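Computed from a predicted structure; not experimentally measured. When a residue number appears, it is its place in the shown sequence, counting from 1.
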Amino acid sequence: QLQLVEYGGGLVQAGDSLRLSCVVSGGTFVDKSMAWFRQVPGKEREFVAAISSNSVLEQYADSVKGRFTISRDNRLNTVYLQMNSLKQEDTAVYYCAIRAESWPAMTIHDYDYWGQGTQVTVSS
């Protein structure tokens, strides 16, 4: 069974940058698409970014477009989320997810396995 572990969350100030990592183990990685979602208490989990298995396709939520970049290293079974120009509204628990298909998707139900989440807090 696939396992996903996120790293890199923390407390930063508005305008700062942060990079999240998600390491996948327990199965093949290179043929699967990956995504990042985030959730704040009392709200639904929302899509942030996704990437195809071969890194050719990337998708972003409008709220992060131009500030966040998703990437992956198939040699390391790792997907990254580079977050620049962070805003207070980016504060959330960030989750990585993986799905069996090679092309990315933007809805929660498209993903099969999830990490435990990492907290990102952006202060003013």
Side-chain angles (χ1 to χ4, degrees):
Q1 182 166 336
L2 289 172
Q3 292 185 318
L4 289 69
V5 180
E6 299 98 337
Y7 301 93
L11 172 63
V12 296
Q13 291 188 324
D16 285 353
S17 297
L18 201 61
R19 188 174 83 156
L20 305 181
S21 303
C22 173
V23 180
V24 180
S25 62
T28 58
F29 175 79
V30 297
D31 58 347
K32 297 177 175 61
S33 59
M34 298 287 300
W36 289 95
F37 289 76
R38 65 187 182 186
Q39 189 170 22
V40 298
K43 292 191 176 182
E44 291 186 355
R45 193 168 297 187
E46 66 172 7
F47 171 78
V48 175
I51 189 167
S52 61
S53 60
N54 59 4
S55 299
V56 170
L57 296 176
E58 297 175 16
Q59 296 174 317
Y60 295 94
D62 288 342
S63 59
V64 306
K65 209 170 286 185
R67 299 188 299 122
F68 290 12
T69 302
I70 189 171
S71 62
R72 62 190 291 161
D73 188 335
N74 286 347
R75 300 167 300 170
L76 300 178
N77 284 12
T78 302
V79 64
Y80 304 97
L81 185 67
Q82 178 66 43
M83 305 184 291
N84 298 331
S85 302
L86 282 162
K87 305 176 182 179
Q88 281 188 278
E89 50 264 44
D90 295 319
T91 295
V93 176
Y94 284 72
Y95 298 89
C96 65
I98 192 169
R99 71 190 220 110
E101 308 295 343
S102 61
W103 59 91
M106 299 172 67
T107 60
I108 294 172
H109 302 293
D110 288 315
Y111 288 85
D112 304 305
Y113 295 94
W114 295 79
Q116 82 290 346
T118 186
Q119 176 70 47
V120 173
T121 303
V122 184
S123 64
S124 60

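Annotation for Leu20 and Tyr94: closest pair CD1-CB, 3.6 Å, computed over non-hydrogen atoms. Across every non-hydrogen atom of Ser55 and Arg72, the tightest pair is OG-CG, 3.1 Å. Across all their heavy atoms, Val48 and Leu81 have their closest contact at CG1-CD2, 4.1 Å. Taking both residues in full, the closest heavy atoms of Gln119 and Ala92 are given as NE2-O, 3.4 Å, listed atom of the first, atom of the second, then distance. Summarising the geometry of Gly117 relative to Glu6, their closest heavy-atom pair is N-OE1, 2.9 Å, with the distance given to 0.1 Å. Considering all non-hydrogen atoms of both residues, Pro104 and Ser52 come closest at CD-CB, 3.7 Å.
Taking CD of Glu101 as the start and CD1 of Ile98 as the end, the distance is 12.0 Å to the nearest 0.5 Å. Rounding to the nearest 0.5 Å gives a distance of 12.5 Å between CD of Gln3 and CG of Asn77. Note that CG of Asp16 and OG of Ser123 are 8.0 Å apart. Values are rounded to the nearest 0.5 Å. If you take CD on Gln88 and OG1 on Thr121, they are separated by 10.5 Å, rounding to the nearest 0.5 Å.
Centroid-to-centroid, the aromatic rings of Phe68 and Trp36 stay 6.0 Å apart or farther.
Among the candidates Asn74, Leu76, Asp73, Leu2, the single residue satisfying the side chain to side chain contact (heavy atoms under 4.5 Å, CB included) test with Phe29 is Asn74. Applying the side chain to side chain contact (heavy atoms under 4.5 Å, CB included) test between Leu18 and each of Val12, Leu11, Asp90, Asn84 identifies Val12 as the sole match.
Residue Glu58 qualifies as enclosed at atom CD: its count of foreign heavy atoms under 6.0 Å is above 12. Within 6.0 Å of the NZ atom in Lys43, the count of heavy atoms belonging to other residues, nucleotides or ligands does not exceed 12. For Glu44, the CD atom counts as loosely surrounded, since its 6.0 Å shell holds 12 or fewer non-hydrogen atoms of other residues, nucleotides or ligands.
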Next on the checklist: Could you go through Ser63 and Arg38, starting from their C-alpha distance and side-chain angles, then the distance that decides it, and tell me whether this counts as side chain to side chain contact (heavy atoms under 4.5 Å, CB included)?
Outcome noted: CA-CA 12 Å; Ser63 59; Arg38 65 187 182 186; 3.5 Å; yes
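Note: the hydrophobic cluster containing Trp114 does not contain Val79 (ILVMFWY, side chain heavy atoms under 4.5 Å, direct or indirect links). With hydrophobic clusters built from ILVMFWY side chains whose heavy atoms lie under 4.5 angstrom apart, Phe47 does not share a cluster with Val120. Residues Ile51 and Phe37 do not share a hydrophobic cluster, defined by chaining ILVMFWY side chains whose heavy atoms lie under 4.5 Å apart. Hydrophobic clustering of Ile, Leu, Val, Met, Phe, Trp and Tyr side chains at less than 4.5 Å, counting indirect connections, unites Met106 with Tyr95. Hydrophobic cluster membership is shared by Val24 and Tyr113, with clusters built from Ile, Leu, Val, Met, Phe, Trp and Tyr side chains linked at under 4.5 angstrom.
Val40 is not listed as a side-chain neighbour of Thr91, based on a closest heavy-atom distance of 4.5 Å or more. Looking only at side-chain heavy atoms (C-beta outward), Leu4 and Met34 come within less than 4.5 Å of each other. A heavy-atom distance below 4.5 Å is found between the side chains of Tyr60 and Thr69.
Checked by atom type, the side-chain pair Gln82/Tyr80 shows no donor-acceptor distance below 3.5 Å. With 3.5 Å as the limit, one finds no donor-acceptor pair spanning the side chains of Arg99 and Tyr111.
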